[in-house]
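Let me begin by presenting the structure, written as structure tokens, before commenting on it.
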Amino acid sequence: MKELVEVIAKALVDNPDEVVVTETQKDEEIVIKLTVAAADMGKVIGKQGRIAKAIRSVVKAAASKEDKKVIVEIQ
């Protein structure tokens, strides 16, 4: 899951070197934290949060194959 979020985020931003993705496991769920440069935050979130929702949907679909719950946090 971490690699998937990283590939998507790096394709969206102007500064792909500043994309940091961390993955932590809490009980039954996986928390993925996506950190990007301040200038790229709007590109990752999108108008009315549409791109952020799309990223979460793709990750949720990939996680459903493995029967895991994944939470994507954008910082």
Side-chain angles (χ1 to χ4, degrees):
M1 297 301 139
K2 177 181 173 183
E3 295 81 18
L4 176 63
V5 173
E6 191 170 350
V7 168
I8 293 170
K10 284 186 176 184
L12 292 171
V13 299
D14 289 333
N15 302 315
D17 297 336
E18 295 189 35
V19 172
V20 178
V21 181
T22 57
E23 183 176 275
T24 56
Q25 184 115 12
K26 290 184 181 176
D27 300 325
E28 300 279 323
E29 61 190 27
I30 299 170
V31 178
I32 298 176
K33 291 186 181 181
L34 170 62
T35 307
V36 297
D40 292 327
M41 190 61 78
K43 292 180 182 175
V44 174
I45 295 173
K47 288 186 179 178
Q48 297 180 347
R50 288 187 180 140
I51 294 174
K53 284 182 189 175
I55 292 170
R56 289 183 177 115
S57 295
V58 169
V59 172
K60 186 176 178 182
S64 69
K65 288 185 175 182
E66 299 175 16
D67 290 329
K68 294 189 177 186
K69 182 178 179 186
V70 178
I71 298 171
V72 179
E73 295 179 359
I74 301 173
Q75 298 176 335

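This chain uses plain numbering: 1 for the first residue, then up along the sequence. These numbers come from the heavy atoms of this one structure, side chains and all, not from hydrogens, waters or symmetry mates. Nothing here was measured: the structure is a model prediction, and the numbers come from that model.
By the 6.0 Å contact criterion, CD on E28 is open, its count of non-hydrogen atoms from other residues, nucleotides or ligands being 12 or less. Other residues, nucleotides and ligands place more than 12 heavy atoms under 6.0 Å from the CD atom of Q25.
Panel note: side chain N15, backbone D40; no donor-acceptor pair is recorded below 3.5 Å.
Grouping the Ile, Leu, Val, Met, Phe, Trp and Tyr side chains by contacts below 4.5 angstrom, directly or via other members, places I55 apart from V7. Linking ILVMFWY side-chain heavy atoms closer than 4.5 Å, directly or via other members, places I71 and I32 in two distinct hydrophobic clusters. Residue V58 is grouped with residue I45 when hydrophobic side chains (ILVMFWY) are merged at heavy-atom distances under 4.5 angstrom, including chains of intermediate members.
Scanning all heavy atoms of the two residues, the minimum distance from P16 to D14 falls at CD-O, 3.2 Å. Between V19 and A9, the shortest heavy-atom contact is CG1-CB, 3.9 Å.
Salt bridge absent: K2 and E6 never bring a charged side-chain N and a carboxylate O closer than 4.0 Å.
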Exercise. Can you list the steps and then say if K68 with M1 is a side-chain contact (heavy atoms from CB on, under 4.5 Å)?
Worked result: CA-CA 10 Å; K68 294 189 177 186; M1 297 301 139; over 6 Å; no
Exercise. Are M41 and V36 close enough, and set up right, to give a side-chain contact (heavy atoms from CB on, under 4.5 Å), and what steps lead you there?
Worked result: CA-CA 6 Å; M41 190 61 78; V36 297; 4.1 Å; yes
Exercise. Could you go step by step and tell me if V21 and K10 meet the side-chain contact (heavy atoms from CB on, under 4.5 Å) rule?
Worked result: CA-CA 10 Å; V21 181; K10 284 186 176 184; over 6 Å; no
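From T24, atom OG1 reaches atom CD of E73 across 7.5 Å, with rounding to the nearest 0.5 Å. Summarising the geometry, atom OG1 belonging to T35 is positioned 4.5 Å from atom CD belonging to Q75; distances are rounded to the nearest 0.5 Å. For the atom pair CD of E3 and CD1 of I8, the computed distance is 11.5 Å after rounding to the nearest 0.5 Å. Here CD1 of I30 is found 5.0 Å from CD of E23. Values are rounded to the nearest 0.5 Å.
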